Number of protein chains: 2
Amino acid sequence: MVTIKDVAKHANVSITTVSRVLNQTEHAVNSETRERVLNAIKELGFYPNAMARGLHLKETKTIGLIVQDISNPYYPSIVRGVEDVAQELGYTVILANAYRSRERTTKYLNVLREKRVDGIIFTGGGAVKDAAEDNFFERNPVSTVVIGKSCNAKMPSVQVNNVQASREACEHLIRLGHRQIVTVTGPEDSTTVVDRLEGYRQALMANGIPYRDEFVLRCNFEFDEGYKAVERFLDVSNDKVTAIFAQNDMMAIGIMKALKEKGLKIPENVAVIGFDNIPLASFVTPMLSTVAVPIYELGRTAMRIMSDLQSGHEISRITTLPTKLLLRQSC
Amino acid sequence: MVTIKDVAKHANVSITTVSRVLNQTEHAVNSETRERVLNAIKELGFYPNAMARGLHLKETKTIGLIVQDISNPYYPSIVRGVEDVAQELGYTVILANAYRSRERTTKYLNVLREKRVDGIIFTGGGAVKDAAEDNFFERNPVSTVVIGKSCNAKMPSVQVNNVQASREACEHLIRLGHRQIVTVTGPEDSTTVVDRLEGYRQALMANGIPYRDEFVLRCNFEFDEGYKAVERFLDVSNDKVTAIFAQNDMMAIGIMKALKEKGLKIPENVAVIGFDNIPLASFVTPMLSTVAVPIYELGRTAMRIMSDLQSGHEISRITTLPTKLLLRQSC
DNA sequence: ACGTTTTCTGCAAACGTTTGCGGAGAACGT
DNA sequence: ACGTTCTCCGCAAACGTTTGCAGAAAACGT
């Protein structure tokens, strides 16, 4: 592997000089010398060793991004958002798939410390909680930003107003004339779920519709569970439901499948509305109406905040991005 | 940040000793001393600096994984396969999203060199070709493995027999009585596309069905294009097509949407078969029949080969994994 | 009792960078 | 002519590890 020393020898200068043209410091270097060095670099195919550099500078220009499960279509957009601005700003991102496993999260956290990443972006409260329980933050002064609700007030977060968005979605359903509205939820320890449920409840209250516990189907955000929950509900219940508010798109799509299999038309017999606006939502038939979360922008913003954190800028603790009700064909 | 020196001082030993218990070398260290060091490590919350280590060892235990687009549901399974065995073997993986951009690929390749990754796994021939054109391999003795067809005979690859699998899929259609079979392809410079098209052609030939160029719809593997291509075809052509062989699932799903919108029943009016078996395939209605590619295993195998490469083991240049015809509801 | 082996520990060099400091020579002002 | 400033360059220390080598003490064999 060719080192800076080789370049120096080849260009007949000291390594100091090579380093200086490499980093384009304000330190003056003669233009003819610079040219010679640049040539040597090209001829030898020299690429500076990031480890040596990082060791000295105590800075890696690398950040870790912890996602729960990259297979979940929600995450790739976040990743892309983070990556895009990271690239603009000269950062590399190490993607860590926690796969919802506490053990895996811990392992990755260790790797990230050993690699001395400059910061970590968490998606979802779960991972942050795991990390907190491992006392990760106490002994590691690494900067963090959370996408979603941060369990710790000191950590900056970028999020979306779930209760309001959820309320708007349900009120739309109500405006359409629906009074029998089922909601399908995610895991209950998720603050996202709590908030979206709260929005649902508020919409009902505000319109004088009684809240019925049988109408909230507790699931886990996955396709299968949405499918099964609704299938079961239709078999068992003799209430005539006219609308379903799925707390994410993945379940909404499972729900639509169950509905179709029962011979119910969407939206004529049952209206469906989802949440997130994953790409898939416009692929299904009928196209899914949903609450559009600016997923990509969530990623971008998180990375921007991270960068500000690095450079010591003042940052706002909580950034809220707007959602939008996206009416397609399912309601 | 606490260093090995701090640990040494705290445990009242030399850093040499700390390093030795850290790496559990065969070099003897008194058990009581070891205990003391271990305590110091825990008390101080010491995590060895991977950069310092890597600098000395000239080995990072890190590999790069280049994928075209993580949003494409095909890739997450690969990523997971690679990650899983990487973790087992003590490697970290840096995920690089090329987003099908030559520029982005080049940029990432540079980052990977500077970080001195031990090896790179490429998915798809495109990225390898880009890299080759940048003379990446000549000046970088980094080990590589390719998932898919390698354009360079020296690089080990793990792949699937596309022509045979494709042929089997089409022959199944023919056995079902179909003679008017349209195929929808991906970008023509992809060897995958060439092979799958070849399998289609072979199946026709072997069964005395003429190959008609109007029946191959040239697309780009994306949902939208599949949708539009078939929509257009149905509008224009007066041939009565009874089956469609989509060269990947994403397009197959787009095709199904187009079909449904034209009022055609699947599979009664038109049978559809896909390729890949992405998770989504079983979510749609009707569930998509497809050629199951062992995507996850592709990833696992690639990483295993990479590891063998690192340890200098003998490895086979080409590994072929079996596909399986997965008949669900769409044909 | 004394050489030999074994067990344990530490010194110091090396890995490839960055950068504070200092020095040589040219340019400049008077 | 001589101090001062400016431009350009290099020395060497430092970043945090690993490991070859050597040495001290203990255990062992005779």
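Just so we're on the same page: letters track the sequence lines, and every chain starts at 1. Reckoned from all heavy atoms, side chains included, excluding hydrogens, waters and symmetry mates. Predicted model, so just to flag it, every value in this text is computed and none were measured.
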Side chains of [X] and [Y]: do they bring a donor and an acceptor to under 3.5 Å?
X        : Y        : value
A:Asn23  : A:Arg53  : yes
A:Tyr91  : A:Gln310 : no
A:Arg113 : B:Tyr47  : yes

What's the [atom1]-[atom2] distance between [X] and [N], to the nearest Å?
X        : N      : atom1 : atom2 : result
B:Lys115 : C:dG16 : NZ    : C1'   : 15 Å
B:His56  : C:dT17 : NE2   : C1'   : 16 Å
A:His27  : D:dG10 : NE2   : C1'   : 10 Å
A:Asn30  : C:dG25 : CG    : C1'   : 13 Å
B:Lys5   : C:dA12 : NZ    : C1'   : 13 Å
A:Ile15  : C:dT18 : CD1   : P     : 9 Å
A:Arg20  : C:dT18 : CZ    : P     : 11 Å
A:Arg36  : D:dC9  : CZ    : C1'   : 11 Å

Worksheet item: Any donor-acceptor pair under 3.5 Å between the side chain of A:Thr16 and the base of C:dT19?
Response: yes
Item to complete: Keeping the roles fixed (side chain from B:Asn97, backbone from B:Tyr99), state whether a donor-acceptor pair exists under 3.5 Å.
Response: no
[N], OP1 or OP2 - any side-chain N/O from [X] closer than 4.0 Å?
X       : N      : value
B:Thr33 : C:dT9  : yes
B:Thr17 : C:dG10 : yes
B:Asn49 : D:dC15 : no
A:Lys58 : D:dA14 : no

Fill in: Residue closer to the 5' end of DNA chain C, B:Val13 versus A:Met51 (nearest nucleotide)
B:Val13
